[in-house]
Amino acid sequence: MNANSSNSLLVVPTGALKISEHPLTDVHRDNPILLSLVIPTYKERNNIENIVNILSRLLDEAIPGNYELIIVDDDSPDLTWELAQSLLPDYPQLRVMRRQEERGLSSAVIRGWQVATGSILGVIDGDLQHPPEVLLQLLQKIEQGADLALASRHVDGGGVSSWSVIRRFLSRGAQVLGLIILPGVLGRVTDPMSGYFMVRRSAIAGATMNPVGYKILLEVIGRGQVREIAEAGYVFRERTEGESKVTWKQYVEYIQHLIRLRVSTGRLGKISRKIDFPIGKFIRFGIVGFSGVFVDMAVLYLLSDASTLGWNLTRSKIIAGEVAIFNNFLWNDAWTFADVSMQQKGWKQRIKRFFKFNVVCLAGLVINVLVLNIVYNFLIPNQYIANLIAIAVATIWNFWVNLKLSWRVTDVK
């Protein structure tokens with residue numbers, strides 16, 4: 001391969017996270033290879049040489065010369081990519097990519113698949129927690145007709161080595177939650193959080209992936225054309241080198257991913273595409289708004305309660321409302337509308353957005369009150385139901401007008 005002969009790194013693809021239908025075959029090859037196995041890494045210097053050696057020996061015996069290993073490193077501070085690059089002369093099937101502008105395990109896998117030449121695409125962790133020998137079982141299942149073959153901890157032959165009760169509970173809880181939110185996807189596999197699998201290129205070709213966090217399997221099943229799925233049991237091993245990357249943030253991202261897939265692949269997603277309504281941003285906007293309720297209540301208590309400052313209710317509510325608006329603005333600016341705010345940098349632009357956000361929210365409050373009174377007096381004589389309807393209308397107003405007014409690209413410097 002050209003990349004290996006010169007010890008050069010692969011060029012990182014840009015643009016949409018989409019897999020091409022036909023492999024980008026090397027100029028020195030007459031035919032595409034069978035298997036492209038991506039190994040996403042971050043701070044895996046102590047593991048990388050060992051896993052490359054093990055995988056190469058295993059695949060050289062099973063499918064000699066008919067595979068490639070693609071290491072995609074997210075610019076590890078321990079220079080994992082540099083060590084991997086030094087291995088290129090000894091492992092002709094190895095390719096290495098160093099990502100400096102993007103981060104995230106799922107997107108790393110897709111970027112690796114985008115440069116892959118195989119008709120079967122796979123992924124395995126770079127920390128040796130996935131037993132490499134299971135690869136041959138997965139490959140056999142694909143060759144027998146499966147579109148997707150995954151290694152599962154929850155079938156015969158599977159399990160976890162020494163997980164705590166809390167971690168086992170969280171893992172199973174995540175699976176149950178997924179079955180509730182997205183039964184059409186998670187109901188098809190026993191281990192939806194598996195990061196060890198193979199898939200036919202043809203099953204995901206042309207689908208634009210939009211992963212959150214580190215569980216790409218959800219994207220593959222949810223957005224691809226995956227008909228037959230097969231599973232092989234494996235025992236998840238504890239790390240012997242490096243540090244675990246499982247955090248609470250990843251469980252939150254998992255839930256966010258489920259909701260995004262539920263919306264984008266369901267009826268709401270079809271409606272949003274027809275009317276060009278950004279459902280994903282609206283969900284984030286709603287989550288931020290929900291956090292603002294707690295901020296409002298906390299500040300109101302601190303200002304008005306007799307045991308603290310004991311200010312009058314009106315003044316306390318005005319200040320509490322403004323603090324909540326400020327909280328919502330910061331989160332929306334950094335998260336909900338980050339794609340726009342990153343293009344409109346600087347304090348001047350941020351202050352403009354904050355002023356507009358305040359005005360829109362004030363108008364939303366007026367709308368809230370009007371709708372509340374109309375619904376309560378003329379439609380539904382129940383103050384709580386009327387209030388929920390009023391909040392929903394005001395939330396849609398706040399989101400849509402802020403989208404079009406507060407967070408829009410004007411001048412990009």
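Side-chain atoms of Asp147 never come within 3.5 Å of backbone atoms of Ala203 as a donor-acceptor pair (strictly under, hydrogens ignored). Put simply, the side chain of Asp125 never gets that close to the backbone of Asp127: no donor and acceptor are under 3.5 Å apart. Judged purely by atom type and a 3.5 angstrom limit, Arg223 has no side-chain atom pairing as donor or acceptor with the backbone of Ile204. Distance alone, capped at 3.5 Å, is enough to place a donor-acceptor pair between the Ser194 side chain and the Ala151 backbone. Looking at Tyr234, its side chain never comes within 3.5 Å of a backbone N or O of Pro132 through a donor-acceptor pair. Of the possible donor and acceptor atoms, one in the side chain of Gln114 sits under 3.5 Å from a partner among the backbone N and O of Lys18. In terms of modelled atom types and a separation under 3.5 Å, the side chain of Asn332 and the main chain of Asn328 share a donor-acceptor contact. In terms of modelled atom types and a separation under 3.5 Å, the side chain of Arg99 and the main chain of Gly104 share a donor-acceptor contact. At least one donor-acceptor pair under 3.5 Å links the side chain of Glu68 to the backbone N or O of Thr117. Side-chain atoms of Arg95 come within 3.5 Å of backbone atoms of Val115 as a donor-acceptor pair (strictly under, hydrogens ignored).
Contact detail for Leu17 and Ser107: the closest heavy-atom pair is CD1-CB, 4.2 Å. When all heavy atoms of Ala205 and Ser20 are compared, the closest pair comes out as CB-O, 3.9 Å. Closest of all the heavy-atom pairs between Val109 and Val123 is CG2-CG2, 3.7 Å. Minimum interatomic distance between Ala149 and Ile142 (heavy atoms only, all atoms of both residues): N-CD1, 3.7 Å. The two atoms that bring Ala232 and Leu138 nearest to each other are CB-CD2, 4.0 Å, heavy atoms only. The shortest heavy-atom contact between Ile33 and Asn66 is CA-OD1, 3.5 Å.
Contact check for Leu121 versus Val38: no side-chain heavy atoms found under the 4.5 Å cut-off. Using a 4.5 Å heavy-atom threshold, the side chains of Tyr42 and Pro77 count as touching. Taking 4.5 Å as the limit, some side-chain heavy atom of Trp335 sits within range of a side-chain heavy atom of Ile287. Residues Lys356 and Arg353 have side chains not in contact (no heavy-atom distance under 4.5 Å, counting atoms from C-beta outward). Counting heavy atoms from C-beta on, the side chains of Phe329 and Asn358 never come closer than 4.5 Å. At a threshold of 4.5 Å between non-hydrogen side-chain atoms, the residues Arg350 and Ser341 do not count as touching. Taking 4.5 Å as the limit, some side-chain heavy atom of Ser119 sits within range of a side-chain heavy atom of Leu34. Counting heavy atoms from C-beta outward, Trp81 and Asp75 have side chains that approach closer than 4.5 Å.
Other residues, nucleotides and ligands contribute over 12 non-hydrogen atoms within 6.0 Å of the CZ atom of Phe354. Under a cut-off of 6.0 angstrom, the local environment of CZ in Arg227 is sparse, with at most 12 non-hydrogen atoms contributed by other residues, nucleotides or ligands. Other residues, nucleotides and ligands contribute more than 12 heavy atoms inside 6.0 Å of the CD atom of Glu143. The number of heavy-atom neighbours closer than 6.0 Å to CD of Gln100, taken from other residues, nucleotides and ligands shown, is above 12.
Atoms CD1 and CD, from Ile48 and Glu82 in turn, are 13.5 Å apart once rounded to the nearest 0.5 Å. Distance check, rounded to the nearest 0.5 Å: CD of Gln85 to CG of Leu9 gives 4.0 Å. A distance of 12.5 Å separates CD1 of Ile39 from CE of Met97, quoted to the nearest 0.5 Å.
When each of Thr41, Asn46, Asn47 is checked for a side chain to side chain donor-acceptor pair (under 3.5 Å) with Glu44, only Asn47 meets the rule.
Residues Glu219 and Ser106 bring no donor and acceptor atom of their side chains to less than 3.5 Å of each other.
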Check: residues 389-397 side-chain donor-acceptor pairs under 3.5 Å, at least two apart:
unit_1	atom_1	unit_2	atom_2	d
Thr395	OG1	Ile391	O	2.7
Trp397	NE1	Val360	O	3.3

For residues 49-63, please give each side-chain donor-acceptor pair under 3.5 Å, one per line with the distance, not counting sequence neighbours.
unit_1	atom_1	unit_2	atom_2	d
Asn53	OD1	Tyr91	OH	3.4
Ser56	OG	Val52	O	2.7
Asp60	OD1	Tyr67	OH	2.7

Report task. Would you check, one step at a time, whether the test side chain to side chain contact (heavy atoms under 4.5 Å, CB included) holds for Asp333 with Phe357? Result -> CA-CA 10 Å; Asp333 204 50; Phe357 184 72; over 6 Å; no

Query - Intermediate values then yes/no, side chain to side chain contact (heavy atoms under 4.5 Å, CB included), Leu217 and Leu148 - result: CA-CA 10 Å; Leu217 180 61; Leu148 172 72; 3.9 Å; yes

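Residues satisfying the ring-ring contact (aromatic ring centres under 6.0 Å, His included) test with Phe285, not counting sequence neighbours, are Phe399.
The residues Arg98 and Asp73 are annotated as not salt-bridged, no charged nitrogen and carboxylate oxygen being separated by less than 4.0 angstrom.
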